[in-house]
Amino acid sequence: MLQSRVLIGCVAVAMTSVLSGCQSGPAEPVAQALTTPAPAAAPVRDATKFLTQPLISQIYTADPSAHVFRGRIYIYPSHDIETGMPRDELGNHFGMRDYHVLSMNAVDGPVKDHGVALDVADVPWASRQMWAPDAAQKDGKYYLYFPAKDRQDIFRIGVAVADNPAGPFKAQPAPIKGTYSMDPAVFEDAGRYYLIFGGIRGGQLQRWASGSYRAEDTFPADDQPALTPKIARLGTDMTSLDEELRDVVIQDEHGKPLLAGDNARRFFEAAWLHKYRGTYYLSYSTGDTHYIVYATSNSVYGPYTYRGRILEPVQGWTTHQSIVEFRGQWLLFYHDSQLSGQTHLRNIKVTPLQYDADGSIRAINPLLD
Ligand code: FUB
C-alpha cells in the first residue's frame, strides 16, 4: 500500500514543489557532522534509491511525532528553515521558528498542512530553536510539548494548549517546571501520561549532570554509564510534572547499563515510547552513529533492555522517529534529507513496521541497494 508513495511522491515534487525536486538541489555530503567527521560520499540524488518518498515537499519537515486523534493521523514535526547560521557541533544551524501540524486520513492519502500552529514569537519565555515537538490529547484538549532555548540560551520544554489537534496552540507563560534539554515525547498508558525527554551534546543533557545547569559540558567517561533520557508522570493539568524526574536506564543483555563509549547503542536523542502486546518499547537515536534503535521493559520507567536496530542510517546527520498504530498497521515515521541534500533541511517519511513473533522489530534500510 505504501509503495505507491514512492512514485507519486516524486512526481508531486517535480510538479508542485517550491523546493528542490527529486533529482536536483544543492549538493552536500551525506552526513554533515555535528561533532564527528562526515563520510565523504555525495548525497543520493536519485529518488528511486530511497525506500520511501517525502510526505510533503512544500516545506521542510523533520522529527515527526505521529498520533491518531479523531480517527486521523496527526503529525507534529519540526519545521526546518534556512537561517544562514553556520553549521556547528551544537546544532545552531537548526534555527526553526514555528510549528506546522500535518494530517492524513490514510497512509497513502494526501497530507494536509494545517499551517502555523505555534510561533516562537508567541511563546513568552522562548528565544529560538523550536526543535522536535510532540502532542497529547486529554478530555477534549490538545497539548503541544516543545523544546526551545530560553533567553539565557538554555533548552527548556514548554507546553501549549488547543481545542483542536491542528491548533492553533496557546503557549503557557513559562516552561514546564523541572524540565530541561529537548526532544519531549508524551506517552499515555492506562489514562496516565508520561513525559520523556533529553538529548546530549546540542541538546544540553550533559550540562545537567550535577542536577542543575552548568554551562560547561560534563560527559561521563567512556567506561561509565551513559547519560539517559528523563521521565516523569504528568499532572492531571498536563502542564506540570507530578513527580521527580527519573533516569530511564538502558541496559545490555547482562543487565549492565549501556556505557557512554558504546556509541552504536547508547542514548543520544529522540526518545519515543510505545506499547506492543503489553511490553513497553523505548526507541531513540544513537546520534553520532546514526541508528534508530530500541529497548524493551515491563515497566514504563524501565530499566529497558537493548534489543536492536529499527532504522539503519538515513541520508543526513540526524535521525528521529515515532511509532504509532493506525487501523491495525504499525508505522514508523522518520526523516531524511532527500529533497535538499542538506542535513538541516529535512523531509518526513513513513514506512510500515514489522514485528517478529517474539516482539522483535525488523530493521529497516531506508536506502535501496
Ligand atoms: O530537529 C532538531 C534536532 O535534530 C532534534 O531535536 C533532534 O532529535 C534531531 O533530529
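Atoms within each ligand, like the ligands themselves, are counted from 1 in listed order.
Set against the non-hydrogen atoms of Thr318, the atoms of ligand 1 under 4.0 Å away are 4 (O), 9 (C), 10 (O). Taking every non-hydrogen atom of Met182 and a distance limit under 4.0 Å, the qualifying atoms of ligand 1 come out as 6 (O). Taking every heavy atom of His320 and a limit of under 4.0 angstrom, the matching atoms of ligand 1 come to 7 (C), 8 (O), 10 (O). With ligand atoms numbered from 1 in the order given, ligand 1 contributes 1 (O), 2 (C) to contacts under 4.0 Å with heavy atoms of Met96.
The protein non-hydrogen atom at the shortest distance from atom 6 (O) of ligand 1 is Asp183 OD1, 2.5 Å. Scanning all protein heavy atoms for the shortest distance to atom 10 (O) of ligand 1 gives Asp63 OD1, 2.6 Å. Closest to atom 4 (O) of ligand 1 among all protein heavy atoms lies Arg346 NH1, 3.3 Å. Looking only at heavy atoms of the protein, atom 9 (C) of ligand 1 is closest to Glu269 OE2, 3.3 Å.
Tyr276 and Thr296 form no side-chain donor-acceptor contact under 3.5 Å, judged by distance and modelled atom types alone. A donor-acceptor contact closer than 3.5 angstrom is absent between the side chains of His100 and Thr61.
Of the heavy atoms in Met130, none comes closer than 4.0 Å to ligand 1. For Ala132, heavy-atom contacts with ligand 1 shorter than 4.0 Å involve the backbone as well as the side chain.
Taking a cutoff of 4.0 Å between a charged side-chain nitrogen and a carboxylate oxygen, Asp288 and Arg201 qualify as a salt bridge. Between Arg277 and Glu325, none of the side-chain N atoms (NZ, or NE/NH1/NH2) sits under 4.0 Å from a carboxylate O, so this pair counts as no salt bridge.
The CD atom of Gln321 sits 14.0 Å away from atom OG1 of Thr351, with the distance rounded to the nearest 0.5 Å.
At least one heavy atom of His335 sits less than 4.0 Å from an atom of ligand 1.
Heavy-atom neighbours of Asn365 CG from other residues, nucleotides or ligands within 6.0 Å: above the threshold of 12.
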Compile the donor-acceptor pairs under 3.5 Å between side chains in residues 180-189 and protein atoms, sequence neighbours left out, one pair per line.
| residue | atom | partner | partner atom | Å |
| --- | --- | --- | --- | --- |
| Ser181 | OG | Gly199 | N | 3.0 |
| Ser181 | OG | Gly199 | O | 3.3 |
| Ser181 | OG | Gly203 | O | 2.6 |
| Asp183 | OD2 | Ala270 | N | 2.9 |
| Asp189 | OD1 | Lys275 | NZ | 3.0 |
| Asp189 | OD2 | Tyr280 | OH | 2.4 |

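Screening His93, Gln342, Arg346 for a side chain to side chain donor-acceptor pair (under 3.5 Å) with Asp80, the sole residue that qualifies is Arg346.
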